[in-house]
Amino acid sequence: MKPIGKMISWFNVGASGIAGILVLFLVAHVSLDVVMRFLFEQPLNATILYVSAFYMVAISFLPLGLVEEKNSHIAVELLVERFPGRVQKLLLICAALITAVVTAAVAVRTGQEALAKYATGAYSIEAGGKVITWPTYFVLPVGFGLMSLVSALKFVALATGKDSGLNSLNIEDPYLPKDTPNV
Amino acid sequence: MSELQIAGLFIGALFFLILMRIPIGVSLIAVSFGGLWSMFNWNIAWGSLGIVPYNFANSWVLSSIPAFLLMGFICYHTRLTQGLFSAAQVWLSGLPGGLAIASVFGCAGFAAVTGSSVACSAAMGKIAVPEMMRHRYSAELATGTVAAAGTIGALIPPSILMILYGIISRQSVSQLFLGGLVVGLITLIAYILLILVRVKLTPELAPPVDIKATRSEKIRALGQTWPVLLIVIGVFAGLFGGAFTPTEAGAIGAMLSALVAALYGTLNFRALRMAIVETLTTTASLLIIAVGASLLTRFLALSGIGDALSSSILAFGMSPVLIMVGVVLVYLLLGMMLEPVGAMLLTLPIVLPLVDETGYSLLWFGVVLVKLLEIGMITPPMGMNVFVIKGVVGNMASLTTIFRGVFWFVVVDLLIIALLIAFPEIVLFLPNLYGM
């Protein structure tokens, strides 16, 4: 199972890497648009479309798998913490299974939607001409799919007691010590 | 089953899943899907699942969130804000509780470059708490002050909570920011007064500190705040001058912070990478909840359950003020258990129509709501800011000490909330002026 976990981790790093580059694109593109507008009165074409459909959609969903891998999805620990260890583990297993199923459903459905957009060749008419938008729809099945894979793997690892092989990216904080939980 | 019973059933299911530690976003998606399927049919439920996530994320205003997050995280990871506390310290240490007051100022300054109160508390806690402890301040005052003052981070713009609220309630983000600025400044002043009064009454809390600084040293300390000043002026002049949309302000802000950090000599690849990774994980973990909340809104609206819920509350014939007091109590309670984004997105689909019916302005409510949610950051048992301060100070103070330390700040916060409900104009004055 370890090699699978490692592979999924690499996919997550890759997907988040792309999203990270797109964050920089977002900042650069919008800044350039502002500069062009104020200095040369010549804003870039279709900035809003590129930022919303191309950058924002990818930034929102591509890192979902990484977030799941780092256990950083927002959840309420308050009640479960008080349960005995075995119950806690059982609930963790259930949570991983439910998360895997729900996100898989979203991945399948958004995948169908993406294929439909591809088939019709979805595009948007902007000031600078036609901009193809169907590729942006494929980000969702990838993001939700990765999240589903990670939680499915967590489920198997927890249920069988084996190491999942997921090795999440660590975040070093300049102010907080390493062992501060979940900030 | 009546609509109300169905509402109770689904809301109960939602809270059950959330309390069982299912991620909030996943719980929302599952319950809304189940609701749409059982109330209508498979096609409507399955169809919504395909449309809602893309349509929600594909938004220009929403893209200001990663931009502002990146700006804040760059400032945080390149330690751009360290000069703030030392400058405030040099200028204010003569006052009773001067170091505590300086740390409140430090938090407010940091608040202007970040939308997160946790980041505010963490950064200021690391710098200010050890300094206060060194001068034999009581641990309670030292830690409580920084934990509470961190909440100013989400009030003074930029504010991630306000951007999300603005998108969901269709209010202008710039106007919300202005309202937040007012309440942030009121909080700042109230906290300073509180510290002054407490130290006057119990001088042992904060022994006088003797930091002698010449005029030129004072001016030099002020000079250390240039990185933050430059970024803040660049971003907010553009935003409130009407030249930038929030996304543009955030992007320019991120660009400026990277440039300033490069000039300051603290920008390196590792810091930038950390800032980007945190921007991504924060954005994605917010977005999946927002998508779930958007599905819930769809379910509540299509099924008429949302209307049934708000009209049944209104049917009690309570006055708007009484309803608002009820809303405040609910959020104080929720704030104890949930973190702000979850608490807000989970409840807005139900609360917004209700507030709208009572005649209160949605702009006003957004600002009050953020203030309420921020109180939740420092109230037990789930007080994220308190946990962060605990992480920063380690063995210097126990969790109980810190929670005790924030007590009086919470009392002051409740007074501020009462003031805002009694006089909504306090919040609305500046945004209305801007809107004209």
Would you sort out whether A:Arg109 and B:Phe33 count as a side-chain contact (heavy atoms from CB on, under 4.5 Å), showing the intermediate values?
CA-CA 12 Å; A:Arg109 180 65 193 100; B:Phe33 179 80; over 6 Å; no
Top residue by heavy-atom pair count (under 4.5 Å) with chain A, among B:Leu62, B:Thr282, B:Leu49, B:Leu17?
B:Leu49
Rounded distance (nearest 0.5 Å) linking atom CG of B:Leu287 with atom CD1 of A:Ile59:
9.5 Å
Test log, rule side-chain contact (heavy atoms from CB on, under 4.5 Å), inputs A:Phe61 and B:Val291
CA-CA 11 Å; A:Phe61 299 117; B:Val291 163; 4.0 Å; yes
Once the angle between the rings of A:Tyr137 and B:Tyr54 is folded into 0 to 90°, is it parallel (under 30°), tilted (30 to 60°) or perpendicular (over 60°)?
parallel
Which of A:Thr136, A:Val57, A:Thr133 passes side-chain contact (heavy atoms from CB on, under 4.5 Å) with B:Asn58? Answer is A:Val57
Chain B contact via A:Tyr55 - side chain, backbone, both or neither, heavy atoms under 4.5 Å:
neither
For B:Glu339, which atoms come within 4.5 Å of any heavy atom of chain A: side chain, backbone, both, or neither?
side chain
Which bit of A:Ala114 is near chain B, if near means a heavy-atom gap under 4.5 Å: side chain, backbone, both or neither?
neither
Using side-chain heavy atoms (C-beta onward) and a distance below 4.5 Å, is B:Trp60 in contact with A:Val30?
yes
Can you list the steps and then say if A:Ser16 with B:Val277 is a side-chain contact (heavy atoms from CB on, under 4.5 Å)?
CA-CA 8 Å; A:Ser16 303; B:Val277 171; over 6 Å; no
Exactly one of A:Leu79, A:Leu92, A:Val76 clears side-chain contact (heavy atoms from CB on, under 4.5 Å) with B:Arg21, and that residue is A:Leu92
Most heavy-atom pairs under 4.5 Å with chain A, out of B:Thr247, B:Ile18, B:Leu280, B:Ile289, belong to B:Leu280
Might you point out which heavy atoms bring A:Gln112 and B:Trp46 nearest each other, and give the distance in Å?
OE1-NE1, 3.2 Å
Looking at B:Pro381, B:Ala254, B:Gly342, B:Pro53, which makes the most heavy-atom pairs under 4.5 Å with chain A?
B:Pro53
By a 4.5 Å heavy-atom criterion (distance strictly below it), what part of A:Ile48 contacts chain B: side chain, backbone, both, or neither?
both
Testing the basics here: between B:Gly50 and A:Glu113, what is the closest heavy-atom pair and its distance to 0.1 Å?
O-CG, 3.8 Å
side-chain contact (heavy atoms from CB on, under 4.5 Å) with A:His73: which of B:Ile24, B:Ile22, B:Ile288, B:Thr281?
B:Ile288
Of all of A:Ala95, A:Gly20, A:Ser60, which one pairs up most often with chain B through heavy atoms under 4.5 Å apart?
A:Ser60
Below 4.5 Å, heavy-atom pairs only: which of A:Thr103, A:Leu62, A:Val34 has the largest tally toward chain B?
A:Val34
dist B:Ser285:OG -> A:Lys70:NZ (nearest 0.5 Å) comes out at 9.5 Å
Heavy-atom pairs under 4.5 Å with chain B, option from A:Val108, A:Asp33, A:Val80 with the top count
A:Val80
Once rounded to the nearest 0.5 Å, what's the spacing between atom CG of B:Leu70 and atom CG of A:Leu24?
7.0 Å
What residue, out of B:Gly250, B:Gly47, B:Gly394, has the most heavy-atom pairs lying under 4.5 Å from chain A?
B:Gly47
Taking atom CH2 of A:Trp10 as the centre, does the number of heavy atoms from other residues, nucleotides or ligands within less than 6.0 Å exceed 12?
no
Can you give me the closest heavy-atom contact between B:Ala284 and A:Leu64, atom names plus distance?
O-CD2, 3.9 Å
To the nearest 0.5 Å, what is the distance between CG on B:Leu345 and CD1 on A:Ile74?
8.5 Å
Pairs of heavy atoms under 4.5 Å with chain B: top-ranked of A:Leu91, A:Val23, A:Leu140
A:Leu140
Please determine, among A:Cys94, A:Ala105, A:Ala28, the option with the most heavy-atom pairs under 4.5 Å with chain B.
A:Ala105
Quick one: of B:Pro23, B:Pro66, B:Ala123, who has the most non-hydrogen atom pairs under 4.5 Å with chain A?
B:Ala123
